[in-house]
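Quick caveat: nothing in here was measured; it's all calculated off a predicted structure.
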Amino acid sequence: MLAPGAGNVSLRTVSSSRPQLLRSESQQSAAASDDYYSLSNHTPTTRSTSGASGASSRSRATVVRYATPNSHPVSRTSSPTVSRTLLAPPVPVPRAEQNRDIPAEQRETHVTQIDSATQSTENKNANPNPSLSLDGAGGERPTDSYAGRGPTPGNDDSPYIRFAINQLTREGEEEEPRKSTESEFGSTPTERLVWDGGLGHFVRAPTPALQQPQQQQWPPERDPQASVDPEAFVAVDPPEGNLIYPPLDFVPAVLRPWALGIAIVCVLLMITGIAFSNVWSQDHQGFWGYDGRGGSRYFVVEFLPQILGIFISILTFVIQAAVYRIIPFAIMGSERPFKKVLQGLSIVPKNFLLPDLSHFIHGEALVGFSLFTIWLSNFIAVPLLGCLYQVKWFVIGGEGSWRWAAVTAVGWVLVAVYSLLALGLISLMIRFLRTWSGLMWDPVCLADLITIIQRSNVLPEFEGTETDTNVDEALKPRKLRLGYWKLSQGRHPEVFYGIGEVGGTVGNPSLHIVRKRRRENISKVSFDAEKQNAYGNEDSKELYSPKIRYRWTPWFLRKTAVVVWTVIICALFIAFVVVSFVRNGVEGGFKPHLPTRPSISAFSSSNFLYSFIPALIGNLLFLAWQHIDFYFRALQPYVMLSSPQGASAEQSLLLSYSSLLPFQVTITALINKHYKVAWISLMSIVSGAIPILAGGVFIALTYPGNEIKIASVMPAFYAIVGFCAVYMVSFLATWPGRHRYLPHDISTLADQMSFLYQSPLLSDKLLREPRSKTDLVTRLVITPPGDKDYPKYGFGIYVGRDGREHLGIDRYSRPGRADMLITTGSMK
């Protein structure tokens, strides 16, 4: 209904394709919401012949907003269907007043004509009867619902007519739903208008007084946090015959049946040799004549057994290093219900001086038994081999002679020890025979670990653990699985690989999700970390504190421990040399102070003591050095990452010293100019000469005057002195230095993941879901597209995927961010 003096509004023809509007000047222009405008009082009448283009061509310099009278702002949409639904009608008319002259089958869906009669100045009580005629097959249209209805005082219908026209003339515009906004002059909520076919006009939808406002429906590109976080990880099997998803049954070469078979054969040959010498010596009164000290027979009897024993020990070092490396993954791959795999099992070998029984706790009885037998054989076998054969006087055919004989008691103990070792290796073969390890390839370096944890849903649990003293205590036990996954609510089910918790929700940024963060929340890393008086908060104190950054190194490699060990070794070495060479203490022989005469089984107390004890001491030195060697190998990637200018991938993320064979480590380290690792790894093999020589250097002999003394083979003794001197000096190479100090241990997967859980490397394109080790290495050794130089990586303070600062591993430099802060070069 038009207010008095509102002017004339006449519509000749309006269609959805080419609407035509004849508009006269009005003294009270109206709009239905903030999104609709009308011309000012002095705007000349315009004719629109092009729909939306005509509407958009009007100048908005004179546009004024209008608050719809007796109504609320109506949301505008360009959809034709929605626009008809949201047309703002006048007050509903009773059913009795409807015009029923128009048949229902003639109702159509498009407006073709809107007539607004001119209000007569002579008869102000007569009201115009606007009619809505809808064109379209099968649809309903508003009828002439105002026919015969009296005027409604104070109600102006022109805003509704203009609103309908505005909607029709915008049908061709791009869809762009808008939220309902409050009017400039009012703040009442929008009411939804619907078409009532029975009444023949639009009515307001009934809304309960306490009805909650309808939640906003996100478009397809809705907030990823709201859409991904509720999704859970669902375990799936790899698609068969798809090369993109290879079977997860990889086992390192040294743990495959043929390799373990070779090791078992070596052990069985050792058992056979010892058992044969025992039986033959008992049946034939010794097995070989004695030809004096330093001869070829002396070497075969007194040194060769220890050499073979050290060879088996080194072989078992390689085997157990592979076991430590993959057993946490194998447990997760087999989905065993043990909940501390990440933080409870070491990936750095520790089964040298003391046995490691942690695998029994995690349900790996076969592996635990195998490692125990390996420790037992390495600890006791070589010293026993040093005293396996002794010289005994035998009378054969009326003539007596000194002959080599096997000490049967020692021999059968060795047979038992090596038999247990053979059973342990067989158990290991059974464990990894046709196993589902969960691995695509051997996880030997940091880059391999990154590819496995890229999309893990347990990464949020590591929040703040990079500065914890003990990561184990900060993590909750949980059952984990290594394999293929998909998301429970994904539109396009995508299979991906990694570590996850079954049923756990996605709580970390995914590779394929870009979170919308505010730029101002991304901090820039640029400061002097050694100035500790400018910390912003407690987290910053931990990240920038040198006491935390350089808090940890293995206890036997701490500066104090290295000094103590060096002093002790030096003191013992000096005492050993003095006692040995002053007054010819060794060369001239010394009294045994123990019975020397061999028993029927060829056992001699003095010979056993002076062979077993020196060999045991030498073996302890040999085993102790293995701890140093493996930790230096494991720490070397972090050493390179701690370089002030970062390091290339070949020198850091791809370093795999822990998986290399003896001597191969030394050669590779020399090529990489990692001289400490090269020397220490070489000493881990060379130090095995100490128990070899110590077990056979001393022997009880009868000197002139029928005096029994402990004599020595001087060439072997001089060699022992030389090796001990090198061993002592090598302790100086174990001085850790600043680069080998970290915030906490790195011996478990959890320890290393704490330095990666927020690293952008987890979503880096270079490392995104490689399908083979060759693919991974190729990506890391080439220059990324768009970069001029090879990327470098570092260990320091970086900006994580959550926009906050963290301590760990990332690219040294990233576009748009400050370079990583590495503090090892700032304090000498």
Side-chain angles (χ1 to χ4, degrees), residues 247-275 307-334 336 345-352 355-360 362-382 414-444 623 626 630 656 658-665 684-685 688 773:
L248 304 179
D249 56 358
F250 177 86
V251 175
V254 295
L255 296 181
R256 294 174 187 173
W258 64 266
L260 289 175
I262 292 175
I264 293 171
V265 168
C266 293
V267 174
L268 292 178
L269 289 176
M270 178 69 79
I271 294 173
T272 302
I274 295 172
I307 293 175
L308 297 177
I310 289 294
F311 172 78
I312 292 178
S313 294
I314 294 174
L315 185 60
T316 59
F317 293 163
V318 176
I319 292 173
Q320 72 178 7
V323 171
Y324 272 90
R325 189 167 63 248
I326 75 162
I327 196 60
F329 299 105
I331 293 175
M332 290 185 286
S334 59
R336 299 196 174 209
L345 287 176
S346 175
I347 57 176
V348 178
K350 296 182 176 180
N351 198 45
F352 300 112
D356 183 7
L357 305 178
S358 60
H359 296 85
F360 286 105
H362 291 82
E364 290 290 340
L366 293 177
V367 173
F369 172 73
S370 175
L371 292 179
F372 176 77
T373 59
I374 288 174
W375 170 82
L376 182 63
S377 64
N378 292 338
F379 188 84
I380 200 69
V382 173
L414 281 170
V415 168
V417 170
Y418 279 117
S419 296
L420 286 175
L421 177 59
L423 290 176
L425 294 177
I426 293 173
S427 301
L428 209 58
M429 179 187 293
I430 295 173
R431 170 63 181 85
F432 291 105
L433 185 65
R434 296 182 180 179
T435 186
W436 190 260
S437 64
L439 293 170
M440 292 184 182
W441 61 80
D442 200 354
V444 298
L623 295 177
Q626 306 308 312
F630 275 99
S656 57
S658 297
S659 64
L660 299 182
L661 299 174
F663 298 114
Q664 184 183 6
V665 179
S684 68
I685 306 299
K773 185 59 178 284

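- Within the 3.5 Å criterion, the main-chain N or O of L345 finds no donor-acceptor partner in the side chain of S358.
- Taking the side chain as every heavy atom from C-beta outward, L269 and Y418 never approach each other to under 4.5 Å.
- Judged by distance alone, with hydrogens and angles left aside, the side-chain atoms of W375 form a donor-acceptor pair with the main-chain N or O of F352 at under 3.5 Å.
- For Y324 and H359, the ring centers sit closer than 6.0 Å to each other.
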- Hey, mind stepping through F317 and N378 against side chain to side chain contact (heavy atoms under 4.5 Å, CB included) and telling me if it holds? CA-CA 9 Å; F317 293 163; N378 292 338; 3.4 Å; yes
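- For the pair P328 and I347, the minimum side-chain heavy-atom distance is below 4.5 Å.
- Nearest heavy-atom pair, F630 versus S658, reported as atom, atom and distance to 0.1 Å: CE2-O, 4.2 Å.
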- Steps toward side chain to side chain contact (heavy atoms under 4.5 Å, CB included) verdict (M429, L425): CA-CA 6 Å; M429 179 187 293; L425 294 177; over 6 Å; no
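- Between K773 and D442 no salt bridge is recorded (no basic side-chain N to carboxylate O distance below 4.0 Å).
- N351 places a side-chain N or O within 3.5 Å of a backbone atom of D356 that can act as its donor or acceptor partner.
- Checked by atom type and distance alone, the side chain of R325 never pairs as donor or acceptor with a backbone atom of V444 at under 3.5 Å.
- Looking at heavy atoms from C-beta onward, V323 lies out of side-chain contact with I374 at the 4.5 angstrom threshold.
- In plain terms, the two heavy atoms of L315 and A263 that are nearest each other are CD2-CB, 3.6 Å.
- Put simply, OG on S684 and CG on L623 are 11.5 Å apart, with the number rounded to the nearest 0.5 Å.
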- Kindly indicate, with the supporting measurements, whether the criterion side chain to side chain contact (heavy atoms under 4.5 Å, CB included) is fulfilled by I326 and L255. CA-CA 10 Å; I326 75 162; L255 296 181; 3.8 Å; yes
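- Residue L428 is tested with L423, L433, T373, I319 for a side-chain contact (heavy atoms from CB on, under 4.5 Å); the sole match is I319.
- Taking both residues in full, the closest heavy atoms of A330 and F432 are given as CB-CE2, 4.4 Å, listed atom of the first, atom of the second, then distance.
- Note that the OG1 atom of T435 and the CG atom of D249 stand 8.5 Å from one another [nearest 0.5 Å].
- Residue I327 holds its CD1 atom at 8.0 Å from OG of S334, rounded to the nearest 0.5 Å.
- Counting non-hydrogen atoms of other residues, nucleotides and ligands closer than 6.0 Å to CZ of F311 gives a total of 12 or fewer.
- Across every non-hydrogen atom of A365 and F360, the tightest pair is O-CE2, 3.7 Å.
- Put simply, CD1 on I685 and CG on L661 are 10.0 Å apart, with the number rounded to the nearest 0.5 Å.
- Formation of a donor-acceptor pair under 3.5 Å by the S370 side chain with backbone atoms of L366 is not found in this model.
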- Message: Using the rule given for side chain to side chain contact (heavy atoms under 4.5 Å, CB included), can you reason through V367 versus H362, listing the C-alpha separation, both sets of side-chain angles and the distance that settles it, and then say yes or no?
- Response: CA-CA 10 Å; V367 173; H362 291 82; over 6 Å; no
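- Among all heavy-atom pairs drawn from A321 and P349, the shortest one is CA-CG, 3.7 Å.
- Across all non-hydrogen atoms, the minimal contact from W258 to A253 is CZ2-O, 4.1 Å.
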